[in-house]
Amino acid sequence: MSKQMQISVPVRAPTWVSTRRIFQQKLQDLHKCTSLNHIKQVHAQILKQNLHQDLYVAPKLISAFSLSQEMTLAINVFKQIPDPNVHLYNTFIRACVQNSHSLLAFETFFEMQRNGLFADNFTYPFLLKACDGQSWLPLVKMIHNHLEKYGFFQDLFVPNSLIDSYCKCGLLGVKSAMRLFKVMDERDVVSWNSMIRGLLKVGELSEACKLFDEMPMKDAVSWNTILDGYVKAGEMNKAFGLFESMPERNVVSWSTMVSGYCKAGDMEMARMLFDRMPVKNLVSWTIIVSGYAVKGLAKDAIRSFEQMEEAGLKPDDGTVISILASCAESGLLGLGKRVHTSIERIRYKCSVNVSNALVDMYAKCGQVDRALSVFNGMSKKDLVSWNCMLQGLAMHGHGEKALQLFSIMRQEGFRPDKVTLVAVLCACVHAGFVDEGIRYFNNMERDYGIVPHIEHYGCMVDLLGRGGRLKEAYRLVQSMPVEPNVVIWGTLLGACRMHNAVGLAEEVLDCLFKLEPSDPGNYSLLSNIFASAGDWSSVANVRLQMKNFGIQKPSGASSIEVDDEVHEFTVFDKSHPKSDKIYQMINRLGLDLKRVHVVPKVYL
DNA sequence: AGTTCATAAT
């Protein structure tokens with residue numbers, strides 16, 4: 001936290017030059033300042049002094065706004081400058097990258113070239129960062145060409161960054177990286193590590209191991225990278241062997257192992273290693289808490305979270321986001337709330353990403369009201385925030401509310417993406433707005449420039465199918481530009497079952513069995529169709545077939561959380577200690593339902 | 001004006 005700086009404008013500013021000098025001193029730490037109010041005050045004073053176009057002052061302001069995630073303000077400052085120099089362009093491009101405005105970063109870069117300015121060795125690394133997570137292989141190649149043309153290859157940092165960026169562009173990228181790696185006449189340990197990491201990312205474990213063996217020098221990162229390779233491949237025995245044989249083990253090595261055992265579901269082993277760790281940091285604690293949370297072990301998760309805080313560690317954004325994501329995955333409202341209070345105790349304001357994770361967690365745990373109150377309290381929202389909230393509303397049947405929120409979102413100038421439209425269509429499905437859904441679907445390309453993906457088709461099949469328009473749904477599936485997958489056929493089949501359309505169902509099942517001949521779900525769907533049509537001999541037949549093929553349907557489970565404990569139930573499950581009482585209650589509910597003439601459907 | 005690789009991640 002930087003110290004608060006008081007900008008005092010002298011009562012009698014002697015000359016313009018000296019005013020500027022005073023500002024220079026006061027502005028020195030502005031780009032590190034985290035108090036938005038303070039930055040705004042300074043901005044106002046700068047405007048008053050007419051210094052906002054100054055080529056020393058403007059970059060400081062842009063950096064400061066960028067750090068506070070105030071990209072709109074940063075853009076405003078930048079736009080005021082008539083003739084930006086390279087330094088200013090770099091600062092602005094860096095701000096774009098920091099706030100994940102990757103497109104704007106490149107647009108600015110192209111504008112800079114149009115203005116006849118040359119990018120320098122500061123510009124390119126920023127641009128490479130902008131390609132992160134975008135899979136912009138052509139742009140990485142373009143940067144590569146530029147760097148070669150202008151001879152920026154002296155420092156190993158440049159080709160190493162290129163290797164890393166290439167490796168983030170999938171298989172083709174890794175191949176380009178390999179070509180570059182092979183022609184480099186000098187390589188350091190980072191070059192090797194990055195290349196190995198890239199191979200692992202595309203699943204080339206054996207290639208990575210080969211390179212690892214060839215390495216002339218290995219550091220801790222090299223060992224940990226290859227260890228992670230084994231862990232990600234699920235080879236815990238090999239990983240453990242390597243772990244034992246490592247020349248030195250640091251926090252990362254230990255954490256990687258703990259994470260591996262958590263993913264394998266072996267929480268006992270995970271805990272044992274965790275307890276033996278000589279040093280634990282935030283990441284290690286996050287791994288163990290999330291590990292318990294994903295498995296639904298709410299009590300252990302909460303206890304570990306509290307132990308972490310007792311150890312004097314304050315969860316950061318990464319910790320909070322991962323734990324909340326695990327809560328959302330397994331519905332651990334208790335832990336989610338506990339993390340929320342902890343954040344509120346530490347911080348005055350959450351970052352956008354943390355708030356998004358909170359919205360998502362509350363929505364997925366069924367607490368739509370809490371999700372809404374976090375969402376409404378957010379001072380800044382991004383596309384992810386809207387998408388989480390829309391999805392939450394749609395998922396819980398608040399279709400109308402979701403569509404209202406969608407129109408507010410557009411009023412506020414947000415451009416919907418494909419996730420948004422899935423949520424919108426899903427809202428129509430759950431609210432039964434068939435015609436409205438069709439309208440959104442037909443116009444999504446024209447209105448939002450989004451070509452329908454398979455997920456959107458899935459929503460439409462669901463929408464038409466539930467509405468009883470089975471023929472239209474079937475026609476849509478046949479006319480799809482992409483091959484229908486299991487989800488699409490399954491959805492259509494579900495609709496057939498709902499409307500007792502046995503004829504169409506058998507047709508659909510043919511397609512489904514061709515795609516997934518051994519999926520037990522298909523058999524139970526088939527059996528359920530026959531069951532709803534009252535064809536019990538066919539049902540028996542299907543069950544017999546399943547038995548012959550040795551197929552067992554993994555039974556679906558439902559779970560509820562009571563007092564920080566998750567109880568899971570499957571069909572005919574008698575394992576719960578209060579099983580008798582539970583079945584008594586079910587029977588009573590069944591009688592109550594009969595009394596109001598509702599006949600419960602029973603499926604396989 | 002700032003740097004690359006390893007563990008958690010919306």
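Throughout, protein chains are lettered first and strands after them, A, B, ... in sequence-line order, and every chain is numbered starting at 1. Computed from heavy atoms alone, side chains included, the values below leave out hydrogens, waters and symmetry copies.
- Legend: residues meeting side chain to side chain donor-acceptor pair (under 3.5 Å) with A:Y150, ordered by chain and number and at least two apart, are absent.
- Between the side chain of A:H101 and the backbone N or O of A:V97, no donor-acceptor pair lies under 3.5 Å.
- Contact check of residues 167-179 of chain A against DNA chain B (heavy atom, cut-off under 4.0 Å) returns no residues at all.
- Inspection of the A:T256 and A:D228 side chains reveals no N or O donor paired with an N or O acceptor under 3.5 Å.
- Side chain to side chain, A:D155 and A:N160 fail the donor-acceptor criterion of an N or O pair below 3.5 Å.
- We find that CG of A:D219 is positioned 14 Å from P of B:dT4, with the value rounded to whole Å.
- The salt bridge (charged side-chain N to carboxylate O under 4.0 Å, His left out) analysis of residues 129-142 of chain A, with sequence neighbours excluded, yields the pairs A:D132-A:K168.
- Counting non-hydrogen atoms under 4.0 angstrom, A:D120 reaches a base of the nucleic acid.
- One can place CG of A:N121 at 15 Å from P of B:dA1, the figure rounded to the nearest angstrom.
- Not counting sequence neighbours, the partners of A:E235 by the side-chain contact (heavy atoms from CB on, under 4.5 Å) test are A:Y230, A:A233, A:K238.
- B:dG2 atom P lies 16 Å from atom CG of A:L127, rounded to whole Å.
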Pairs under 3.5 Å (N/O, protein and nucleotides 6-9 of chain B):
from	atom 1	to	atom 2	distance (Å)
B:dA6	OP1	A:R197	NE	3.2
B:dA6	O4'	A:T225	OG1	3.4
B:dA6	N3	A:N224	ND2	3.1
B:dT7	OP1	A:R197	NH2	3.2
B:dT7	O2	A:S255	OG	3.4

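- A:R94 places no side-chain N or O within donor-acceptor distance of the main-chain N or O of A:F126, the cut-off being under 3.5 Å.
- Rounding to whole angstrom units, OH of residue A:Y166 and P of B:dC5 are separated by 17 Å.
- Residues A:Y362 and A:F375 place their aromatic rings such that the two centres sit no closer than 6.0 Å.
- Sorted by residue number, the members of residues 353-382 of chain A with any non-hydrogen atom under 4.0 Å from DNA chain B read A:N353, A:D360.
- Evaluation of the side-chain contact (heavy atoms from CB on, under 4.5 Å) rule for A:S342 yields A:F305, A:E309, A:P315, A:R338, A:R345, A:I346 as partners, not counting sequence neighbours.
- Remark: A:A325 pairs with no residue by the side-chain contact (heavy atoms from CB on, under 4.5 Å) rule, at least two apart or across chains.
- A:K129 has no side-chain polar atom (N or O) that falls below the 4.0 Å cut-off from OP1 or OP2 of B:dT4.
- The separation between A:L199 atom CG and B:dC5 atom C1' is 13 Å, rounded to whole Å.
- Look at CG on A:L156: it is 13 Å from C1' on B:dC5, rounded to the nearest Å.
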Enumerate donor-acceptor pairs with a distance under 3.5 Å from any side-chain N or O in residues 278-289 of chain A to protein atoms, sequence neighbours excluded.
from	atom 1	to	atom 2	distance (Å)
A:N281	OD1	A:V283	N	3.1
A:N281	OD1	A:S284	N	3.0
A:N281	OD1	A:S284	OG	2.7
A:S284	OG	A:N281	N	2.9
A:S284	OG	A:N281	O	3.2
A:T286	OG1	A:L282	O	2.6
A:T286	OG1	A:T319	OG1	3.2

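- Remark: A:R94 in residues 94-104 of chain A come within less than 4.0 Å of DNA chain B through at least one heavy atom.
- Side chain of A:D417 to backbone of A:V419: a donor-acceptor contact under 3.5 angstrom is found.
- Note on A:N85: nothing from the nucleic acid sits closer than 4.0 angstrom, heavy atoms only.
- The side-chain contact (heavy atoms from CB on, under 4.5 Å) search around A:A95 returns A:I62, A:S66, A:M71, not counting sequence neighbours.
- Under the side chain to side chain donor-acceptor pair (under 3.5 Å) criterion, the residue pairs touching residues 289-298 of chain A are A:S290-A:S326, with sequence neighbours excluded.
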